[in-house]
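Here the structure is laid out as structure tokens; the discussion comes afterwards.
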Amino acid sequence: MKKQYLALIILGGFLLATGFINRNDYYFNVLNILILNGLVVIGLSLLMGYAGQVSLGHAAFYGLGAYTSGILTAKYGLSPLAALLAAQGVTLIAALLIGIPALRLKGHYLAMATLGFGIIVYVVFKELISLTGGPSGLVGIPPLQVAGFTFLESKQYYFLFVGVLLVSLLLALHLAHSPFGRALLALHDSEAATMALGYDTGRLKLIVFLLSAALAGLAGSLYAHFAMFISPMSFTFIHSVKFVTMVVVGGVASLWGALLGAVVLSLLPEVLTVFEDYDVLIFGTILVVIMIFLPEGLFKGLGNLFLKHKKT
Amino acid sequence: MEEILQYLFSGLTSGAIYALIALGFTIIYNATEVINFAQGEFVMLGAMLTATFCGLNLPLPLAFALAILITALAGILIERLAIYPARKASPITLIIITIGLSILIKGLAMFIWGKDPLPVPAFVGERPISVLGATIVPQSILVLATALIAVLTLEAFFKKTLTGKAMRACAANRLAARLLGIKVEPLVLLAFALSAAISALAGVIISPITFATYDMGTMLGLKGFSAAVLGGLTSSTGAVLGGFILGILEALAAGFLSSAYKDAAAFIILILMLFVKPEGLFGTKEAKKL
């Protein structure tokens, strides 16, 4: 755990330094989205990497957080903080409704159920026009306000998001190294063996599922206030896939790996825009190549390469 | 009554397409246990190539044959370049690879054909036929007939030919099949070619109805996957029935409830079914492995 604290402090220092040095608003916008992706990925990594359950519907929770926050503040004049809490409630209820039956399913069937859930939620965002504004999106979401302070600039959001990320990561790391986290890892290896040890595996799975949904919902709420505009196009099946891809490309077996995946896959499209129309092609190719040559993800894969190099 | 019949016709048409795509999923899944998220792109390739060859004024049968053949080659290429080298990776890694392939193929298609839908002329007459008060376009009948013939041919191939039997043996137990002297690798290649071809066929026959667009494969692929899961993922009969059930229920839901929620309906059906019968309609309950 000491090593983890050290890594966390280095990450925090690096992020804060970046915030003080950077003067470019565009970079702040890119970094802010990156950090929000990071938040979702932390939860998803606990779910996939530790508990071994795949969700192809996490964009739905992200979207539920964003839309609940957006609708309550823009249409009903609720304060952003109250709306954020309500959004957590909505996300958790949705996660319970889908989680309780879906987590009994195994492997591909669980992936399929969450995938279906994600598409249903997306269609609702698109078609429930009276509430969500439909395909043209929801406008007029006020900026975030906490204790009289209004977040207006991208830079202010950046520092807030860094804070939220570090706290979430700290909690997640603690959880992963607690008896609960070890029980999850055991669940990953063998559900039957974990049951035999006296764990209620259904409850374990549900708790970590709810946790990951709540984190995604939180990221969504923050996104709605930061962007001040949301549309269904930000919460499609492709986005769910993107989150899963981040976790897997980074390395499903560790929180740090998942975060690395979020960094790489959030920045890659920005870098690839110089290739204009070719960007999707290159993105797809890179994804396939990484997975073929480093099937355990960048984090472990690069680590192994480094070790090999040191030995020779 | 006429209304119901009308919805049934449209459900059968899309159901036939879902059934073909679902069959594609099960063929690859049985051969490799890979869920191929690029399956929808095979459908798109079939439709796009048909549009291109029809645009070149090639005779229709030749255009179809070329479209299906080229897509089958694409399937083989994908297996060799991306699936085979990663065959020992975990299932989720393989899924991400197929997702990457899907992004790649879609990007290529956008690059080659552009973003606008390409029109495809109707293969048979355009005059709707009226049946018991409901109308059906000849193309829909062609879709149904082609799908049925394809399914039956495939069924005969798996049940009657030696190669088909060998493929089924591999699906049941790869190691045991090897022990009997069956070479697995060429069969996996064949599975990818067959799967791509049958999905391309779905793209060919649907193209005059929906036209061909570079991103048409995503939703079709997902619906086909749903149909395959409905049918239990390993059973070809299940896949076909799953496709028709999904198509018909979806059409009924769109007609009687709300067409805006049509895409959601298919997945609500799927989720409810999974909750009631997790192993699919025709899947066998697997014994838990410790």
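Just so it is clear: chains get the letters A, B, ... in the order the sequence lines come, proteins before strands, and each one is counted from 1.
- Among I286(A), L281(A), L287(A), V288(A), the residue making the largest number of heavy-atom pairs under 4.5 Å with chain B is L281(A).
- Counting all heavy atoms, side chain and backbone alike, P269(A) lies closest to S266(A) at CD-O, 3.5 Å.
- In this structure, chain B has no heavy atom under 4.5 Å from any part of Y122(A).
- There is no contact between S102(B) and chain A, counting heavy-atom distances below 4.5 Å.
- There is no contact between V121(A) and chain B, counting heavy-atom distances below 4.5 Å.
- Of the listed residues M48(A), E127(A), K126(A), the one with more heavy-atom pairs under 4.5 angstrom with chain B than any other is E127(A).
- The main-chain N or O of A31(B) is found under 3.5 Å from a side-chain atom of R174(B) such that the two form a donor-acceptor pair.
- With no hydrogens or angles considered, no side-chain donor-acceptor pair links T213(B) and W113(B) at under 3.5 Å.
- If you measure heavy-atom distances from I35(B) to chain A, the contacts under 4.5 Å come from the side chain alone.
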### Query
Can you list the steps and then say if L220(B) with M216(B) is a side chain to side chain contact (heavy atoms under 4.5 Å, CB included)?
CA-CA 7 Å; L220(B) 282 173; M216(B) 68 188 288; 4.1 Å; yes
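- Both the backbone and the side chain of L108(B) have a heavy atom closer than 4.5 Å to some heavy atom of chain A.
- The number of heavy-atom neighbours closer than 6.0 Å to CD of E33(B), taken from other residues, nucleotides and ligands shown, is 12 or below.
- Side-chain contact of T218(B) with K106(B): a donor-acceptor pair under 3.5 Å is present, judged by distance alone.
- Taking a cutoff of 4.0 Å between a charged side-chain nitrogen and a carboxylate oxygen, D263(B) and K223(B) qualify as a salt bridge.
- Looking at I271(B), the atoms closer than 4.5 Å to chain A (heavy atoms on both sides) all sit in the side chain, from C-beta outward.
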### Step-by-step ring pair (Phe, Tyr, Trp, His ring centres under 6.0 Å) determination, F225(B) to F37(B)
CA-CA 8 Å; F225(B) 181 32; F37(B) 271 95; 5.4 Å; yes
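- Interface remark: I120(A) contributes backbone and side-chain atoms alike to the contact with chain B (heavy atom separation under 4.5 Å).
- Residue contact with chain B, scored on non-hydrogen atoms closer than 4.5 Å, involves the side chain of L115(A) exclusively.
- Contact of M273(B) with chain A is not made at all, since no heavy-atom distance falls under 4.5 Å.
- Contacts of I105(B) with chain A are absent, with no heavy-atom separation under 4.5 Å from either backbone or side chain.
- F275(B) touches chain A through backbone and side chain together, each having a heavy atom under 4.5 Å away.
- Looking only at distances, no side-chain donor or acceptor of S235(B) sits under 3.5 Å from a matching main-chain atom of G232(B).
- Counting heavy-atom pairs closer than 4.5 Å to chain A, the top residue among L101(B), L222(B), I99(B) is L222(B).
- Both the backbone and the side chain of L128(A) come within less than 4.5 Å of a heavy atom of chain B.
- Ring-plane geometry between F61(A) and F117(A) is classed as tilted, the angle between the planes lying from 30 to 60 degrees on a 0 to 90 degree scale.
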